[in-house]
Protein chains: 2
Amino acid sequence: MNLNKNSKRRKELVAIAARLFCDQGYESTTVRMLADAMGIKSGSLFHHFSDKQEILYAVIESGMLHAMEIARQTLASARTSKEKLHALARAHLSTLLEDRDAHVVAIYEWRSLTQESRDLLVELRDAYETSWREVISECHEAGLIKGDQGLQRRLALGALNWTVQWYHPDGELTPDDLAQELVAMVLREPSAV
Amino acid sequence: MNLNKNSKRRKELVAIAARLFCDQGYESTTVRMLADAMGIKSGSLFHHFSDKQEILYAVIESGMLHAMEIARQTLASARTSKEKLHALARAHLSTLLEDRDAHVVAIYEWRSLTQESRDLLVELRDAYETSWREVISECHEAGLIKGDQGLQRRLALGALNWTVQWYHPDGELTPDDLAQELVAMVLREPSAV
DNA sequence: GTCTATATTCTGATAGAC
DNA sequence: GTCTATCAGAATATAGAC
């Protein structure tokens with residue numbers, strides 16, 4: 001098996017798998033369907049991945065790494081704690097939209113990962129959520145909001161993650177509108193939209 | 001095949017299927033596993049359901065019908081528009097917890113339904129969400145909140161539905177705490193928890 | 001309403017040639 | 001790195017006896 005996890009070819013294959021897993025679900029997508037979409041035969045697939053589950057892992061991992069990178073970049077240009085909260089919300093929505101396949105797969109196909117894969121990805125997710133923890137904590141210290149920080153973080157991330165169920169970026173509502181409304185809700189400010 | 005959809009026996013079988021679909025996912029649950037858990041042989045299962053997908057449909061439909069009934073009951077004893085919003089949030093959480101299997105399945109296994117089944121269930125969901133539409137509209141008319149009503153409804157329902165990912169009712173946070181915090185967020189009031 | 005037995009198709013994965 | 005060919009098992013669903 002090819003072990004080079006950063007090859008351009010592998011990234012292409014992972015993106016193709018993400019689309020199929022997103023559209024049809026992991027279990028319903030066969031290795032033959034994956035191979036077809038990749039333009040190779042099913043036997044050749046196992047030159048790139050040791051088994052089907054490893055493809056699922058690669059899809060979810062790529063989505064999470066990308067999300068962390070976008071959050072890091074967006075956060076860098078934010079000053080106040082409110083700006084930081086808005087930056088995180090906007091970054092979260094950006095990755096949900098730009099990298100939608102991988103994130104839908106992460107949400108829906110978690111159960112099909114082996115325990116070992118889950119443990120590795122939980123570490124990544126915790127690292128990502130630490131940014132949210134820190135920024136919400138800052139908002140509390142700045143007196144912008146009171147109450148249970150963990151609960152507020154979970155409700156906010158839940159509302160954002162659920163957008164994959166209904167949000168279509170070609171409508172009237174822009175991702176920035178959405179991020180603003182979410183921040184307004186969390187900070188108990190009047191609706192901005 | 002037995003066509004009596006309201007028989008007690010069928011309800012038992014549907015509840016058993018809900019548990020397995022919730023724990024292992026629809027595609028990973030075989031008809032043999034279902035039959036085992038039901039105490040019958042796999043061939044006998046097709047006396048009760050015409051195919052596997054019909055079991056999935058029955059699981060999700062039962063969860064939705066139950067949710068609608070609970071919402072109707074809880075709403076009946078609410079007076080002000082704020083009380084009604086809180087009632088809907090509490091009812092939503094109650095069904096998510098009491099009927100967790102069916103709702104987890106509804107969230108995760110939607111893709112495995114036939115288009116026909118999806119269309120039928122979308123009607124049920126729309127009927128359910130109409131309660132939310134009406135109550136949020138009332139809150140706007142009462143001047144409790146301004147802005148995009150559809151967006152507020154979706155963010156609220158998203159935050160609530162996402163609770164299946166993290167909420168465990170045996171912790172310190174009660175379902176009522178959760179409902180209160182959500183209402184406070186939607187109505188932009190100070191945190192109640 | 002449940003059983004046994006089985007038809008039929010599909011599944012993930014492997015071996016070895018090129 | 002991709003191919004062909006195939007293994008071994010598992011999947012849903014059916015048929016007919018009881």
Side-chain angles (χ1 to χ4, degrees), chain A residues 1-60 105 109-118, chain B residues 1-21 23-60 105 108-109 111-117:
Chain A
M1 188 194 57
N2 184 354
L3 292 174
N4 182 3
K5 293 209 170 185
N6 291 320
S7 76
K8 190 183 166 194
R9 178 69 173 142
R10 187 179 162 111
K11 278 183 181 155
E12 286 171 6
L13 300 183
V14 169
I16 290 168
R19 201 186 64 242
L20 294 188
F21 289 164
C22 174
D23 289 347
Q24 335 205 26
Y26 171 75
E27 297 287 351
S28 302
T29 305
T30 67
V31 293
R32 283 168 179 80
M33 296 162 79
L34 289 167
D36 271 0
M38 292 167 180
I40 55 179
K41 299 295 175 183
S42 66
S44 310
L45 192 55
F46 293 93
H47 174 76
H48 300 279
F49 305 94
S50 64
D51 57 24
K52 192 186 171 192
Q53 190 266 172
E54 190 182 287
I55 311 178
L56 177 61
Y57 177 85
V59 166
I60 300 179
V105 171
E109 310 297 350
W110 192 259
R111 265 182 312 209
S112 294
L113 293 164
T114 62
Q115 187 59 50
E116 191 186 354
S117 295
R118 272 202 285 264
Chain B
M1 187 196 54
N2 185 355
L3 292 175
N4 180 2
K5 294 211 171 189
N6 290 319
S7 75
K8 189 183 164 193
R9 176 70 173 143
R10 187 179 161 110
K11 279 183 181 155
E12 286 171 5
L13 299 183
V14 169
I16 290 167
R19 202 185 64 242
L20 294 189
F21 288 164
D23 289 347
Q24 334 205 27
Y26 171 75
E27 296 287 353
S28 302
T29 304
T30 68
V31 293
R32 278 171 241 272
M33 294 163 81
L34 290 168
D36 272 359
M38 293 166 178
I40 56 180
K41 298 295 176 183
S42 67
S44 309
L45 194 54
F46 293 92
H47 175 75
H48 300 277
F49 305 93
S50 64
D51 57 23
K52 191 186 172 191
Q53 190 265 170
E54 191 181 287
I55 312 179
L56 177 61
Y57 177 85
V59 165
I60 299 179
V105 170
Y108 285 108
E109 310 296 349
R111 267 178 312 205
S112 294
L113 293 164
T114 62
Q115 187 59 51
E116 191 187 355
S117 294

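What you are looking at is a predicted structure, and each value in this text was computed from that prediction instead of being measured. Letters A, B, ... mirror the listed sequences (proteins, then strands); counts begin at 1.
- Residue Arg10(A) places none of its side-chain N or O atoms closer than 4.0 Å to OP1 or OP2 of dG1(D).
- Nearest to the side chain of His47(B), among dT14(C), dG1(C), dA13(D), sits dG1(C).
- Among dC3(C), dA13(D), dT2(D), the nucleotide with an atom closest to any side-chain atom of Lys52(B) is dA13(D).
- The residue Ser28(B) sits apart from the nucleic acid: no heavy atom pair falls under 4.0 Å.
- Nearest nucleotide to the Arg32(A) side chain, out of dT2(C), dA13(C), dA11(D): dA13(C).
- Using a 3.5 Å distance cut-off with no hydrogens or angles, the side chains of Ser50(A) and Glu54(A) do pair a donor with an acceptor.
- If you check dT14(D), dC3(D), dT11(C) against the side chain of Ser44(A), the one that comes closest is dC3(D).
- Here Lys52(A) contributes atom NZ and Thr30(A) contributes atom OG1; the two are 7.0 Å apart, rounded to the nearest 0.5 Å.
- The environment of CD in Glu116(A) is sparse: at most 12 heavy-atom neighbours from other residues, nucleotides or ligands sit within 6.0 Å.
- If you check every strand for non-hydrogen atoms under 4.0 Å, Lys41(A) touches a base.
- The separation between Phe46(B) atom CZ and dT14(D) atom C1' is 9 Å, rounded to whole Å.
- For the pair Leu113(A) and Leu56(A), the minimum side-chain heavy-atom distance is below 4.5 Å.
- For the pair Thr30(A) and Ser50(A), both in contact range of DNA chain C, the more 5′-proximal nearest nucleotide belongs to Thr30(A).
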